Amino acid sequence: MNGKIYDSHAHYDSEAFDEDRDEVLSGLAGKGVCGVVNCGSDLPTSQKSLELAEKYDFVYAACGVHPHEALGAPGDYLARVKEMLAHPKCVAIGEIGLDYHYDFSPRELQLKVFEEQIILANELNMPVIIHDREAHEDTFRILRKHKPKGVVHCFSGSAELAAEAVKLGLYIGLGGAATFKNARKPLEVAASVPLDRLLIETDCPYMTPVPFRGQRNDSSLIAYSAEVIAEAAGVTPDELLNITRQNANTLFGTEL
Ligand code: NI
């Protein structure tokens with residue numbers, strides 16, 4: 001595979017990479033990876049994302065407060081996120097959204113923090129990276145209301161919902177889940193979404209594709225997800241990697 005992998009969603013700040021972070025990141029270029037957007041989940045991990053972006057040319061950062069972390073966010077979190085967004089290598093607000101599977105933060109607070117960050121993104125004309133787990137109804141109500149630009153990452157909805165996201169101007173992020181045994185929906189989404197709206201991602205260290213499930217994920221393993229997503233989309237893996245690279249460059253304003 002000659003395609004260049006642009007991983008639109010990763011967490012190399014995770015402690016899963018504490019032992020060998022530099023080794024892994026330094027090795028990615030040799031494995032066909034041309035770009036990574038590292039997503040923060042709270043203020044400290046957003047700061048770490050910026051530090052990784054400063055250290056590696058091919059790494060860019062997204063800064064924001066994840067729904068899991070909404071409860072622990074300080075009162076001035078929004079002003080502090082805004083400061084980080086001014087960094088030249090910060091390309092998006094994320095990851096932000098709603099998670100009604102774990103409900104680690106009260107839903108009212110998740111909604112407030114999600115909406116505040118979307119309003120900030122629109123003010124700054126920056127894309128958002130959206131996490132929507134078992135919260136399609138509220139997520140899409142807010143997206144319809146504010147119409148931010150961005151991506152719904154690790155898209156878990158139906159093809160119909162993906163069509164609505166596309167109509168709203170959003171991109172669809174697909175990754176390791178497409179390789180799982182029960183992956184009906186991601187493959188239907190891959191087959192139906194216009195190619196110019198697809199992004200590919202790892203969400204590493206999580207969501208490791210088959211046949212490496214259970215091990216730590218990294219951006220080079222996108223090659224395995226790309227094979228099944230490309231097949232569903234009716235293109236070659238190389239074509240998929242090239243198109244998703246261009247799409248990520250368009251959305252994030254990068255040149256990778
Ligand atoms: Ni993530």
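Ligands are counted one by one from 1 in listed order, and the atoms in each one are counted from 1 as well. Side-chain atoms are counted along with the backbone in the values below, which use heavy atoms only and exclude waters and symmetry mates. Note that this is a predicted model, so its numbers are computed, not measured. Index from 1, following the sequence.
With D132 as the fixed residue, the side chain to side chain contact (heavy atoms under 4.5 Å, CB included) test singles out one of L98, T139, L143: T139.
Among the backbone and side-chain atoms of H11, an N/O/S atom is found under 2.8 Å from the Ni ion (ligand 1). Note on H66: not counted as a metal contact of the Ni ion (ligand 1), no N/O/S atom lying under 2.8 Å.
Side-chain polar atoms of D203 and H11 form a donor-acceptor pair below 3.5 angstrom.
The pair R184-E188 meets the salt-bridge criterion, since a charged nitrogen lies less than 4.0 angstrom from a carboxylate oxygen.
A distance of 6.0 Å or more separates the ring centres of F252 and Y60.
Looking only at its N/O/S atoms, E95 has OE2 as the one nearest to the Ni ion (ligand 1).
Vertex the Ni ion (ligand 1); arms to H9 NE2 and D203 OD1; angle rounded to 10 degrees, 90°.
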